[in-house]
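Okay, structure first, notes after.
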Amino acid sequence: QCNYLEAHMEPIVPLPGLVWQAVDPSPAVLEMEDAGRRIIVKLKADQHVAWVRDSGHSGVCSIRLKGFPHRIIRYVPVGHPIHVKKNTTYRFEGWVKTAGARARLWIGFIWYSLEDLLDEATSVTVEPNNGWSKIGVVLTNRDCPYVVCRLEIEGGGYAWYDDLYVGEVA
């Protein structure tokens with residue numbers, strides 16, 4: 001097992017951590033956006049996301065995203081939605097490493113799909129060519145039943161993500 005990335009998630013109970021359910025990150029939605037956050041195209045995941053076993057923060061595994069120059073790519077893993085409690089603050093955090101691209105984490109609360117987005121927040125940006133940096137983003141859920149966590153890469157180059165966690169803020 002490589003960190004929490006391949007741990008199982010129960011789809012009907014709010015649980016801390018365990019953002020992704022499987023080792024294989026290929027079942028995903030990858031969207032490329034322009035600077036105005038307009039979706040330009042959906043990308044083939046197998047060309048831009050990989051589960052690598054040669055670069056990890058606390059172990060040997062991580063998720064690697066490949067970016068495009070002057071574009072933002074958002075990686076949204078598919079699977080069971082993460083159920084959350086109303087009027088509760090959540091934190092999405094992890095370790096990020098970059099080579100030639102900028103990277104960040106994104107969290108949003110939804111009703112049933114991203115089209116029903118109620119609130120969102122983005123972490124600080126890890127600039128290009130940085131070693132492992134811990135980043136996080138905090139957001140309070142007012143009334144939504146689900147949280148969505150995304151990985152973002154901006155510009156040409158690569159970003160690695162490891163030890164990802166989402167949970168309630170005490």
Side-chain angles (χ1 to χ4, degrees), residues 1-7 9 14-23 25 28-35 37 43 45 48-79 81-82 84 88-110 114 117-141 144 146-170:
Q1 180 170 343
C2 294
N3 306 316
Y4 293 111
L5 295 175
E6 60 184 277
M9 280 185 51
L15 293 175
L18 315 177
V19 178
W20 284 269
Q21 298 102 352
V23 172
V29 175
L30 278 166
E31 300 170 342
M32 184 190 305
E33 298 182 345
D34 63 13
R37 293 190 61 187
L43 303 171
H48 298 279
V49 61
W51 179 254
V52 294
R53 296 186 178 277
D54 59 358
S55 180
H57 171 257
S58 65
V60 296
C61 301
S62 63
I63 293 174
R64 183 186 68 210
L65 295 184
K66 177 183 175 185
F68 273 98
H70 314 294
R71 296 286 186 249
I72 297 171
I73 296 176
R74 290 188 166 150
Y75 170 61
V76 183
V78 298
I82 301 171
V84 290
T88 304
T89 301
Y90 288 86
R91 179 174 180 80
F92 178 36
E93 65 184 32
W95 290 83
V96 179
K97 178 174 86 166
T98 58
R102 302 170 75 202
R104 59 193 153 263
L105 302 175
W106 180 95
I107 187 172
F109 294 107
I110 62 171
L114 285 174
L117 180 68
L118 179 66
D119 206 357
E120 64 181 311
T122 305
S123 71
V124 299
T125 299
V126 177
E127 295 297 328
N129 307 315
N130 263 319
W132 288 108
S133 303
K134 186 173 185 178
I135 60 174
V137 57
V138 175
L139 190 62
T140 299
N141 179 30
C144 291
Y146 303 110
V147 66
V148 175
C149 298
R150 302 193 292 194
L151 311 178
E152 294 185 355
I153 182 171
E154 181 179 353
Y158 295 89
W160 292 261
Y161 302 82
D162 198 9
D163 299 325
L164 300 168
Y165 172 87
V166 63
E168 293 180 35
V169 174

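Quick caveat, the model's predicted, so the values are computed rather than measured.
Not counting sequence neighbours, the partners of Val124 by the side chain to side chain contact (heavy atoms under 4.5 Å, CB included) test are Ile135. Evaluation of the side chain to side chain donor-acceptor pair (under 3.5 Å) rule for Ser133 yields no partner, not counting sequence neighbours. By the salt bridge (Lys or Arg N to Asp or Glu O under 4.0 Å) test, Arg64 pairs with no residue at all, sequence neighbours left out.
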Next on the checklist: Apply side chain to side chain donor-acceptor pair (under 3.5 Å) to residues Thr88 and Asn141 and explain how you reach the verdict.
Outcome noted: CA-CA 5 Å; Thr88 304; Asn141 179 30; over 6 Å; no
Next on the checklist: Does Phe109 form a side-chain contact (heavy atoms from CB on, under 4.5 Å) with Val148? I'd like the steps, not just the answer.
Outcome noted: CA-CA 6 Å; Phe109 294 107; Val148 175; over 6 Å; no
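A donor-acceptor distance shorter than 3.5 angstrom exists from the side chain of Asp162 to the backbone of His57, with no hydrogens or angles considered. A donor-acceptor contact shorter than 3.5 Å is absent between the side chain of Asn129 and the backbone of Ala99.
Evaluated for a side chain to side chain contact (heavy atoms under 4.5 Å, CB included) with Glu152, the options Leu65, Thr122, Leu105 yield exactly one hit, Thr122.
For Gly155 against Ala101, the heavy-atom pair with the smallest separation is O-CB, 3.8 Å. When every heavy atom of Cys144 is checked against every heavy atom of Val84, the shortest pair comes out as O-CG2, 3.7 Å. The two residues Ser55 and Trp132 come nearest to each other via the heavy atoms OG-CZ2, 3.9 Å. Gly100 approaches Pro128 most closely through the heavy-atom pair C-CB, 3.9 Å. Nearest approach of Glu120 to Trp106, heavy atoms of both residues: OE1-NE1, 2.7 Å. Across all non-hydrogen atoms, the minimal contact from Leu164 to Gly94 is CD2-CA, 3.9 Å.
Atom OG of Ser62 is separated from atom CZ of Arg53 by 10.5 Å, given to the nearest 0.5 angstrom. Put simply, OH on Tyr90 and OH on Tyr165 are 10.0 Å apart, with the number rounded to the nearest 0.5 Å. Rounded to the nearest 0.5 Å, atoms OG (Ser123) and CG (Leu139) are 12.5 Å apart.
When side chains are defined from C-beta on, Trp160 does not count as touching Val96, because their heavy atoms never get closer than 4.5 Å. Side-chain contact between Val169 and Val138 is present, with heavy atoms from C-beta onward closer than 4.5 Å. Looking at Tyr161 and Ile153, their side chains come closer than 4.5 Å, going by heavy atoms from C-beta outward. With contacts defined as side-chain heavy-atom distances shorter than 4.5 Å, the pair Val166/Ile82 qualifies. Two residues are said to be in side-chain contact when any heavy atoms from C-beta on lie closer than 4.5 Å; Leu118 and Ile110 fail this criterion.
A salt bridge is defined here as a Lys NZ or Arg NE, NH1 or NH2 lying under 4.0 Å from an Asp or Glu carboxylate O, and Glu154 with Arg104 meets this definition.
Side-chain atoms of Asn130 and Thr98 form no donor-acceptor pair, as typed in the model, at a separation below 3.5 Å.
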